[in-house]
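Here is the structure we will look at, set down as C-alpha cells.
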Amino acid sequence: MSRKSDRAVSRRQFLIGAGTASAGSIALAGCTEQGGTTTDGEDSLSGEFRMTGSSTVYPLAVEVVNQFENDHPEVSVPLNRTGSGGGFSNHFCVGNSVINNASRPITNGESEQCSQNDVTPHEIKVASDAVTVIVNSDNDWVECLTVDQLAQIWREDGAQTWRDVDSSWPNEPINRFGAARTSGTFDYFKEVIVGEDTNHTSDYSATERDNEILAGVQRDQYAIGYFGFAYYADNQDVVKAVSIDNGDGCIEPSLENARTGEYQPLSRPLFTYVAESALEREEVAEFCRFFVEESTNQELVADTVGYVPNTEEERETQLDELNAAIESVQ
C-alpha cells in the first residue's frame with residue numbers, strides 16, 4: 001500500500017495545510033537550521049525510509065511526516081498502518097522498515113526476532129493516550145462501566161447480551177468492534193481489562209482501521225468498541241464515550257484525566273522505534289529528532305491529533321538518549 005493511499009485526508013491535515021500549525025512550523029524551522037539546511041539555504045537532506053506500525057500512533061505520525069516532508073521535499077517517508085505487532089514481526093524486525101510505531105512497548109519475543117536479524121530498536125516515547133470505550137449515541141443505558149463489566153463483555157465465554165452485564169439493561173446481543181490481534185491496542189486492552197490469563201473474545205469485528213470501529217458502533221444501537229482517544233476526539237458528535245470505574249468512581253476519558261493519571265487502567269504511553277543502524281543516515285536521524293521535538297507541541301499533539309504531549313523533561317530525556325544513539329553510529 002502506498003503512502004498516498006494509506007494516509008487519510010483529514011480535518012487535521014487541512015488545518016496544517018492552511019498554515020494553522022504555527023507552533024509546529026516554528027519548531028520545524030529551528031530543527032532545519034540545525035540539521036538539514038546548509039548555510040547557503042539549500043536543503044541537504046534527501047532519501048526515502050519506510051515507517052510502519054500502530055494505527056493509534058498513525059494520526060500523529062501523519063502530521064509529523066507531512067511537516068517534515070514539507071520542509072525537506074527530497075525526503076520521502078512512506079507510512080503504513082500495520083498494527084504494532086504486525087509492524088514489528090512483518091516489517092521492522094526483518095528490515096523492511098526502519099521505523100515502527102507502537103501503542104505498547106516492544107515485547108521480549110519481538111526484541112529477540114529483531115536481534116536475530118541484527119536490528120537494534122531504539123525506543124522513543126512520543127505521547128500518551130487514553131484508550132476510549134465507545135457505544136452508539138442512542139445507547140441510553142450505559143454511561144459508565146466498571147473494569148469487571150468491561151472484562152465480562154470482552155473475555156472469551158463472557159456476556160452475550162447487555163442484560164448479562166446488568167439485569168436492568170436490554171436483552172439484546174452485544175455487538176463488538178475492536179482492534180485486530182496484530183494491534184498494540186489489542187495487546188494493551190487485553191492485558192489491563194481482560195487479563196493476561198484469560199482469552200479475549202474472538203466474537204467481534206476485528207480491524208486495524210479505527211474508522212471501521214467507529215462506523216460499526218455508529219450504525220448499531222447495541223454495539224460497543226474501543227480505540228485510541230484521537231479517533232474519539234474527532235468524532236464526539238457521532239458516538240458516546242463511556243466513563244470507566246476502576247474502583248474510585250467513574251472517570252471519563254480525556255486528555256486531562258490521562259495527563260493526571262486518573263483515567264485508569266486505560267491511560268498508556270505511545271512510542272516509535274527506530275533501527276539504530278538507520279540513524280547513520282542523516283535524514284533518518286533528523287526526522288527522529290524532529291519527532292521528539294514535536295512531542296511537546298500542544299497544538300499538534302493535543303489540539304490537532306488528540307493525545308497528551310510529552311513534558312519538557314521527557315523531551316529532553318528522549319533527545320539525550322536519541323543523540324547518544326546517533327553518535328554511536330555516525
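The residues of the chain are indexed from 1 along the displayed sequence.
Glu286 places no side-chain N or O within 3.5 Å of a backbone atom of Leu45 that could act as its donor or acceptor partner. Checked by atom type and distance alone, the side chain of Ser137 pairs as donor or acceptor with a backbone atom of Val238 at under 3.5 Å. Using a distance-only test at 3.5 Å, with no hydrogens or angles considered, no donor-acceptor pair links the side chain of Tyr307 to the main chain of Gly228. At distances below 3.5 Å, not a single donor-acceptor pair connects side-chain atoms of Asn80 with backbone N or O atoms of Thr82. Checking side-chain atoms of Asn117 against main-chain N and O of Val119 turns up no donor-acceptor pair under 3.5 Å. Remark: side-chain polar atoms of Asn323 are paired, donor with acceptor, to backbone N or O of Leu319 under 3.5 angstrom. Without hydrogens or angle criteria, Tyr273 side chain to Ile106 main chain gives a donor-acceptor distance under 3.5 Å. Side chain of Glu252 to backbone of Cys250: no donor-acceptor contact under 3.5 angstrom is found. A donor-acceptor pair under 3.5 Å is absent between the side-chain atoms of Ser243 and the main chain of Cys144, judged by distance alone. Gln330 places a side-chain N or O within 3.5 Å of a backbone atom of Leu279 that can act as its donor or acceptor partner.
Checking Thr52 against Asn100 by side-chain atom types alone, a donor-acceptor pair falls below 3.5 Å. Residues Asn136 and Arg219 bring no donor and acceptor atom of their side chains to less than 3.5 Å of each other. Between Glu262 and Thr260, the side chains place a donor N or O and an acceptor N or O closer than 3.5 Å (distance only, hydrogens not considered). A side-chain donor from one of Asn310 and Ser295 sits under 3.5 Å from a side-chain acceptor of the other. Of the N and O atoms on the side chains of Thr146 and Asp148, not one donor lies less than 3.5 Å from an acceptor on the other residue. Donor-acceptor pairing under 3.5 Å is recorded for the side chains of Thr207 and Glu212.
Within the 6.0 Å centre-distance limit, the rings of Tyr222 and Trp141 are counted as a close aromatic pair. Annotation: Phe49 is in aromatic contact with Phe287 [ring centroid separation under 6.0 Å].
With a 4.5 Å cut-off on side-chain heavy atoms, Thr304 and Asn297 do not count as touching. You'll find the side chain of Leu270 reaches within 4.5 Å of the side chain of Arg268, heavy atoms only. Looking at Asn90 and Val94, their side chains never come closer than 4.5 Å, going by heavy atoms from C-beta outward. Side-chain atoms of Val147 and Pro265, non-hydrogen and from C-beta on, do get closer than 4.5 Å to each other. Contact check for Phe227 versus Thr185: no side-chain heavy atoms found under the 4.5 Å cut-off. The shortest side-chain heavy-atom distance between Asn139 and Val142 falls under the 4.5 Å cut-off. The closest side-chain heavy-atom distance from Phe177 to Leu214 is not below 4.5 Å. The shortest distance between side-chain heavy atoms of Asp129 and Val131 falls below 4.5 Å.
The aromatic rings of Phe92 and Phe88 lie perpendicular to each other, with more than 60° between the two planes, well past the 30° mark. Taking the six-membered ring where the residue is Trp, Phe189 and Tyr226 present parallel rings, their angle staying beneath 30° rather than reaching 60°. Classification of the Phe186-His200 ring pair by plane angle, with boundaries at 30° and 60°, yields tilted.
Hydrophobic cluster membership differs between Val305 and Tyr263, with clusters built from Ile, Leu, Val, Met, Phe, Trp and Tyr side chains linked at under 4.5 angstrom. Under a hydrophobic clustering in which Ile, Leu, Val, Met, Phe, Trp and Tyr are joined whenever their side-chain heavy atoms come within less than 4.5 Å, directly or via other members, Ile99 and Val301 fall into the same cluster. Using a 4.5 Å cut-off between side-chain heavy atoms of Ile, Leu, Val, Met, Phe, Trp and Tyr, with links allowed through other members, Tyr204 and Val242 fall into the same hydrophobic cluster. A single hydrophobic cluster is not seen to contain both Ile224 and Val217; linkage of ILVMFWY side chains at heavy-atom distances under 4.5 Å, directly or through other members, places them apart. Note: the hydrophobic cluster containing Val62 does not contain Phe271 (ILVMFWY, side chain heavy atoms under 4.5 Å, direct or indirect links).
Here the closest heavy-atom approach between residue Asn246 and residue Gln264 is recorded as CB-O, 3.2 Å. For the pair Gly306 and Leu255, the tightest heavy-atom approach, listed with the atom from each and the gap, is O-CD2, 3.3 Å. Considering all non-hydrogen atoms of both residues, Val239 and Tyr232 come closest at O-CE1, 3.9 Å. Nearest heavy atoms, Glu321 versus His122: O-CE1, 3.4 Å. When all heavy atoms of Ala159 and Val165 are compared, the pair lying nearest together is CB-CG2, 3.6 Å.
Going from atom CG of Asp203 over to atom CD1 of Ile153 covers 12.5 Å, rounded to the nearest 0.5 Å. Interatomic distance, CD1 of Ile244 versus CG of Asn257, reported as 11.5 Å (0.5 Å rounding). Interatomic distance, Gln236 CD to Ile134 CD1, rounded to the nearest 0.5 Å: 11.5 Å. Here Glu276 contributes atom CD and Leu322 contributes atom CG; the two are 9.5 Å apart, rounded to the nearest 0.5 Å. One finds the CD atom of Glu208 at 8.0 Å from the OG atom of Ser54 (value rounded to the nearest 0.5 Å). Put simply, CG on Asn235 and CD1 on Ile213 are 12.0 Å apart, with the number rounded to the nearest 0.5 Å.
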Given Gln67 and Phe290, is the side chain to side chain contact (heavy atoms under 4.5 Å, CB included) satisfied, shown in steps? CA-CA 10 Å; Gln67 290 198 37; Phe290 180 66; 4.0 Å; yes
Take Arg289 and Ile326 through the side chain to side chain contact (heavy atoms under 4.5 Å, CB included) test and state the conclusion after the steps. CA-CA 10 Å; Arg289 287 191 179 110; Ile326 293 171; 3.7 Å; yes
Between Arg259 and Ser267, does the side chain to side chain contact (heavy atoms under 4.5 Å, CB included) criterion hold? Intermediate values first, please. CA-CA 8 Å; Arg259 192 193 319 272; Ser267 296; over 6 Å; no
Test side chain to side chain contact (heavy atoms under 4.5 Å, CB included) on Ser89 and Thr182; report intermediate values, then the result. CA-CA 9 Å; Ser89 62; Thr182 52; over 6 Å; no
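With sequence neighbours excluded, the residues that form a salt bridge (charged side-chain N to carboxylate O under 4.0 Å, His left out) with Glu143 are Lys240. In this structure, Asp140 has no side-chain contact (heavy atoms from CB on, under 4.5 Å) partners at least two apart in sequence or on a different chain. Taking the salt bridge (charged side-chain N to carboxylate O under 4.0 Å, His left out) definition, one finds that Asp210 meets it with nothing, sequence neighbours left out.
Applying the salt bridge (charged side-chain N to carboxylate O under 4.0 Å, His left out) test to every pair with at least one member in residues 306-315, sequence neighbours left out, gives these pairs: Lys125-Glu314, Glu293-Arg315, Glu312-Arg315. Residue pairs meeting the salt bridge (charged side-chain N to carboxylate O under 4.0 Å, His left out) criterion with at least one partner in residues 94-123, sequence neighbours excluded, are Arg104-Glu110, Arg104-Asp187. For residues 154-165, there are no salt bridge (charged side-chain N to carboxylate O under 4.0 Å, His left out) pairs, not counting sequence neighbours.
Within a 6.0 Å sphere centred on CG of Asn108, other residues, nucleotides and ligands contribute 12 heavy atoms or fewer.
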